[in-house]
Amino acid sequence: MSFDLASRLAARRAEHLYRQRPLLDSPQGPEVVVDGRPLLAFCSNDYLGLASHPEVIRALQLGAEKWGVGGGASHLVIGHSTPHHALEEALAAFTGRPRALLFSTGYMANLAAVTALVGQGDTVLEDRLNHASLLDAGLLSGARFSRYLHNDPASLAARLDKAVGNTLVVTDGVFSMDGDLADLPALCATAREQGAWVMVDDAHGFGPLGASGGGIVEHFGLGLDDVPVLVGTLGKAFGTAGAFVAGSEELIETLIQFARPYIYTTSQPPAVACATLKSLELLRTEGWRRAHLNRLIARFRAGAAELGLTLMDSPTPIQPLLIGGSARAMEFSRLLRERGLLVGAIRPPTVPAGTARLRVTLSAAHSEEQVERLLVALGECRALLAPEDDA
Ligand SMILES: Cc1ncc(COP(=O)(O)O)c(C=O)c1O
C-alpha cells in the first residue's frame, strides 16, 4: 500500500485548482517584486498600509533590542512578557472590553475560542461562508455543528430551534472572500432570543470599519451583550502578526485555563507586540488612512460598474469581481499580470463552485492613480477574454 500523491496532484491540476506560491521579493506595499518582476499589487490584506510603516519597523527593532527575539516559552510558563501584557491592555481599551488575550495567529485564536466554549452536548452554528479556521474550529469542538445560509437570520433561527446545550453562533464580521458585512444587528437579536452567544471574527473589519477603526461592532454600535466573543487579527490592517480575543474577564480566564491552542504553544516574539502597539496607535489616530481608503473603494466600485464587471455587495476594501469558472479567473489574473498588475484569482474550494473570482483588495497605501491603472487594465483584459464557457 502506498499514498498515491501523484494522482491527487494531477487531478488538482486538471481541475485548474493547483495552487502556486508567488515569491515576494520586496516589502509588502502597492509596488512589489514578485517572481523577479515589479508588479502593482491589489491582493494583500494590509488595508491601512501599516505593514511596512517606518514607525512600526522601528518599534519592532527597538523591541528586539530590548526584549530579544524569541518568545521563549508558552504564556503559562515564562513566555508572557511585558510587551504582550501591555498590548492586551491596549487592545482591551481599544475594543472597550474588560480584557483581551493575545494569540500567535488568527487561526489559533478561532480554534481556541470555539473549542474552549463548546464541546460534546453543545451546539455551534456557523454562517456557511465563514472562514476555514472557524469551520475547522466548529468541527474540532465536538459540538453539534450546523451551517446556516449566508447572513440569513431566518435560517439561523430555524437551527437555533433545534440546538442543544450551550449554543455558540459564529460569523465572520467582514466575509473574507466576498467583502460583505455580517448582518450583526439581526443575527445578534436572533441569537439572543434563544440564549445563544455570538462570536464574531472581525479579521477584516478592524482598521477599515468604524469611526476609530474598531471594526464591525463599532460600525453597528454593538456591545459585549450582543457579541460576547470578539476576535481580531493583527496580520491584516494592523500590519503585524497575531490575533486577539476580547471579552469579559470570565471569558478570558476561561480561555487561559482551557484553550489548548493558547496553552500549548510558544508566545509570539515580544518585539512583534511592540510593533503592534505602534500600529494600533497609528490605526487609531491617523483617520486619514480610512478616509483615503473609502475614497478608493468608491472610485473602484464606480469604475468597475462602468466597465460592466460583476461587483459583490461590499463596502469594504475587499472588492471581489465575480468571474465564474476557475480557468477563466486564472486567465483573467494572468492577463493582468502580463500588464504588470497582481490580482489573485480565488477558486474553489476556498469559494463555492462556479464562483471563482478576482479578489481585488485596496489599501490606504494605494494612490488614486494606481486604482485608475487597475481599472484601465481590467477593461483591456476583459475585452481579451473568450466568452464565458467554463463556469
Ligand atoms: C476571517 C479570517 N479569520 C482568520 C484568519 C486567520 O488569521 P491569521 O492569518 O492570523 O491566522 C483569516 C486569514 O488569514 C481570515 O480571513
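When a ligand or atom number is given, it counts from 1 through the structure's own listing order.
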With a 4.5 Å heavy-atom cut-off, do D178 and S314 have their side chains touching? no

Any heavy-atom pair between the side chains of L135 and V170 that's under 4.5 Å? no

Candidate list N151, L187, D161, test side-chain contact (heavy atoms from CB on, under 4.5 Å), partner L156, passing option: L187

May I have every N or O pair linking ligand 1 to the protein at under 3.5 Å, one per line with atom names and distance?
residue  : atom   : partner : partner atom : Å
ligand 1 : 3 (N)  : D201    : OD2          : 2.5
ligand 1 : 10 (O) : G106    : N            : 2.6
ligand 1 : 11 (O) : G106    : N            : 3.1
ligand 1 : 11 (O) : Y107    : N            : 3.0
ligand 1 : 14 (O) : K236    : NZ           : 2.7
ligand 1 : 16 (O) : H204    : NE2          : 2.6

Full working for side chain to side chain donor-acceptor pair (under 3.5 Å) between E15 and S326: CA-CA 8 Å; E15 291 161 14; S326 295; over 6 Å; no

Whether over 12 other heavy atoms sit under 6.0 Å from L149 CG: yes

Using a cut-off of 6.0 Å, state whether more than 12 heavy atoms not belonging to R144 lie near its atom CZ. no

